[in-house]
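Just the heavy atoms: all of them, side chains too, but no hydrogens, waters or symmetry mates, feed the values below. The residues of the chain are indexed from 1 along the displayed sequence.
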Amino acid sequence: MKKTFLLMAITTAGISFGQNKIQYPETKKGETVDVYFDTKVSDPYRWLEDDKSAETGAWVKAQNEVTYGYLDKIPFRNELKTRMEKLWNYEKIGAPSKEGKFTYYSKNNGLQNQSVVYRKDQNGKEEVFLDPNTFSKDGTTSLGGLDFSEDGSKAAYAISEGGSDWRKVIIIDAVSKKVLEDTLVDVKFSGISWHGNEGFYYSSYDKPKGSELSAKTDQHKLYFHKLGTSQKEDKVIFGADQKRRYVGGYVTEDNHYLVISAANSTYGNELYIKDLTKPNSPIVTIVDNFNSDNSIIENEGSKLFIETDFNAPNKRVVTVDAANPKPENWKDFIKETQDILSPSTGAGYFFANYTKDAVSFVQQYDYNGKLVREIKLPAIGTASGFGGKKNEKILYYTFTNYTTPASIYSFEPKSGKSEIYQKPKVDFKSEDYESKQVFYTSKDGTKVPMIITYKKGTKLDGKNPTILYGYGGFNISLTPSFSISNAVWMENGGVYAVANLRGGGEYGKKWHDAGTKQQKQNVFDDFIAAAEYLIAQKYTSSDYLAIRGGSNGGLLVGATMTQRPDLMKVALPAVGVMDMLRYNAFTAGAGWAFDYGTSQDNKEMFEYLKGYSPVHNVKQGTHYPATMVTTGDHDDRVVPAHSFKFASELQEKQAGENPVLIRIDVKAGHGAGKSVAATIQENVDIQAFTLYNMGFKALPKK
């Protein structure tokens, strides 16, 4: 079906544009041609997919020199950084959890590159348990997971180097903090789940041939590591005979069952259990297909509590006995409603956290399924947490919205009493800002919610610098949350708008499905309609509008700016999926096929993907908005070649004076674990670039 032809490479000359006289690096053009269903598609920048080549490395260095040379000349960039650092510099404390004789929690004094794990003993004496800032000199190694044995005497923690999804796992004596044995390596897309005190389950792929940052990985396996043995002896529990792209395992709190989830895509999973109380017990199938999302969230002996969207697009909780766990025996425990359910357990109760129009409300249930109370939240926004062990007396939850920094509340489930546990001291006057939820109409008549946040008293004169943010995919919901960078943006008179597009999870499975495969254009139409609403209502105008999104949201920005380049002044695609014909050839990209479909599926799917793929829809001589593509050279989730190709196409074909830059973080990945210093600098550069290209020569404080 598909053939590739490699012909002699040629070179395009550097291009200079407009008043800024940017001389872009020369980018070699090859003559690679792929054939899909008798259609030839050129791929001139295929060579940039080789992340190990010196040639690609030289291109990255040259592009960064141009980008930082441009950014260095923005007159208010340092002022913006000073304010961002000042606002960021406040103590951040995580919710505590008890393990063995200690209470553990994370803390960051403000500008530490990585948060530190502390603990207190029974007398309240505090000490550092793990300090990720000591893992590497440049702050690019982060903590990627931490889990304790049943009695809290041992711990295993994962580290990520340079932002990679590949992890190393280090096993220590939790009391003395001494390393117990050799480090586990090559662990990916994995939790750590202990079985008692004897060892733990984890997941990984076989190390790929070629580049570990871009080579395809599609057979995930669940292993058990027994303490005191080498990793080579770790037993494969699931995945050796069943080829699945994503496999995970976790042990129920009572150590009764191993729960196994297996999937080939980002939606839909098989579900299995294994009775750990019986030696050599078989793995029992609960769900044998990929048509629904399912997970066991609790058990009482052999009674299982399963969260599922099987016959319930908005999700429900069902019960079943482990002896006969098939779906035909499921009974409703918390029934499906018109709102989207995300359940949790702790302190002997269930908590039904619902999303209604992208904001939270929470109900508490007992183990008989009786409603205890609706929990009163501090305001309209996002609540998360309400989880813990069965014997806990107090649970914790976090509350935030676009104007309120995340605060932690303690909650007594028996009485329903809730009070502030930790409120951050941020140099930001929340009371001076407001959020407004609107419902606008998309191209096909669908009503789409959007929350717009800005300083009170802002004049709707069409001249407010505005960032429109979106995602629209993978059943992910964008709910209100506070961001220091957005706070700085709004302090400078900016409007921040978040559209809850189809493809997300804000209204359940139907909303998600409406933005997948050959309905993906709905997502772009929703985003375009959001921009048109902001302009029509005079929050902004095309001269003052920036669109922003990351990962799938980077695809969103890339597709929107190529379809409607006239609509915005600035485009900010981050770590985006830009080559829709080849995304499934890299790392775990094949698992995204539920949302996207693939160019190999059939001719219709190929043509649909090619019709919006950002890399394939940059047209010669078009006036594109000022664009800064951002990515990381260690991104092994969405490989940076997507961004490299897109930037190359734009630099070659852009008409007019708007700059096209690519900012490539070195020793950084898809985003998780990025140091505070790197995160601040990235946000400073994005805002400086945006305002400067909207015509501002100084910060537009109002």
Side-chain angles (χ1 to χ4, degrees), residues 20 22 63-64 66-85 87-88 163 402 453 464-471 481-498 531 540 544-551 553-558 560-561 568-576 578 624-633 635 638 640 643 646-647 650 658-666 668-671 674-700:
N20 296 308
I22 300 175
Q63 289 286 349
N64 271 342
V66 170
T67 297
Y68 287 107
Y70 181 96
L71 294 170
D72 286 343
K73 294 176 182 177
I74 297 177
F76 50 83
R77 183 178 176 222
N78 288 336
E79 182 185 356
L80 194 59
K81 183 177 182 181
T82 298
R83 179 55 183 157
M84 189 95 61
E85 286 179 337
L87 202 56
W88 210 291
Y402 290 119
T453 308
N464 301 302
T466 298
I467 291 176
L468 170 61
Y469 185 87
Y471 187 80
S481 63
F482 184 78
S483 158
I484 290 296
S485 62
N486 291 338
V488 172
W489 176 257
M490 293 187 294
E491 278 187 341
N492 289 318
V495 173
Y496 184 70
V498 177
T540 192
Y544 296 97
L545 176 64
I547 58 172
R548 185 177 182 185
S551 195
L555 162 62
L556 171 70
V557 172
T560 301
M561 66 178 284
M568 73 295 298
K569 183 63 178 177
V570 178
L572 303 166
V575 294
M578 300 301 195
Y624 289 104
T627 303
M628 187 160 73
V629 180
T630 53
T631 188
D633 69 342
D635 190 345
V638 179
S643 295
F646 187 55
L650 285 170
N658 290 331
V660 174
L661 304 176
I662 180 167
R663 184 187 185 280
I664 306 157
D665 263 335
V666 178
H670 200 57
K674 184 178 288 189
S675 72
V676 165
T679 301
I680 289 174
Q681 189 62 63
E682 181 179 52
N683 280 287
V684 166
D685 289 348
I686 286 170
Q687 290 189 24
F689 177 85
T690 299
L691 292 170
Y692 188 61
N693 281 283
M694 289 176 177
F696 293 98
K697 304 304 180 187
L699 291 180

Sequence neighbours excluded, which residues qualify as salt bridge (Lys or Arg N to Asp or Glu O under 4.0 Å) partners of R548?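 Testing R548 for salt bridge (Lys or Arg N to Asp or Glu O under 4.0 Å), a comparison that skips the adjacent residues, returns none.
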
Please report the shortest heavy-atom distance between [X] and [Y], naming the atom on each side.
X: M578; Y: P573; answer: CE-CB, 3.4 Å
X: G550; Y: Y469; answer: N-OH, 4.3 Å
X: T466; Y: W489; answer: N-CZ2, 3.7 Å
X: A531; Y: L545; answer: CB-CD2, 3.7 Å
X: G493; Y: P465; answer: O-CD, 3.9 Å

Y471: what forms a ring pair (Phe, Tyr, Trp, His ring centres under 6.0 Å) with it, not counting sequence neighbours?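 Y471 satisfies ring pair (Phe, Tyr, Trp, His ring centres under 6.0 Å) with no other residue.
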
Separation of [Y] [atom2] from [X] [atom1] (nearest 0.5 Å):
X: R77; Y: Y692; atom1: CZ; atom2: OH; result: 12.5 Å
X: D685; Y: L572; atom1: CG; atom2: CG; result: 11.5 Å
X: N492; Y: L80; atom1: CG; atom2: CG; result: 6.5 Å
X: Q687; Y: F76; atom1: CD; atom2: CZ; result: 10.0 Å
X: L650; Y: N658; atom1: CG; atom2: CG; result: 11.0 Å
X: D665; Y: T630; atom1: CG; atom2: OG1; result: 8.0 Å

Using 30° and 60° as the class boundaries, would you call the ring planes of Y402 and Y496 parallel, tilted or perpendicular?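 Perpendicular, since the angle between the ring planes exceeds 60°.
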
I74/L71 under side chain to side chain contact (heavy atoms under 4.5 Å, CB included): CA gap, chis, key distance, verdict: CA-CA 5 Å; I74 297 177; L71 294 170; 4.0 Å; yes

Would you say [X] and [Y] make side-chain contact, with heavy atoms under 4.5 Å?
X: P625; Y: V570; answer: no
X: E79; Y: T82; answer: no
X: S643; Y: I662; answer: yes
X: Y624; Y: V660; answer: no
X: P659; Y: F689; answer: yes
X: T679; Y: W88; answer: yes
X: N693; Y: M628; answer: no
X: F482; Y: I484; answer: yes

Quick one: does T540's side chain have a donor or acceptor within less than 3.5 Å of a partner on N464's backbone?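 Flag set: sc T540 to bb N464 pair under 3.5 Å.
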
Using the rule given for side chain to side chain contact (heavy atoms under 4.5 Å, CB included), can you reason through L555 versus F646, listing the C-alpha separation, both sets of side-chain angles and the distance that settles it, and then say yes or no? CA-CA 10 Å; L555 162 62; F646 187 55; over 6 Å; no

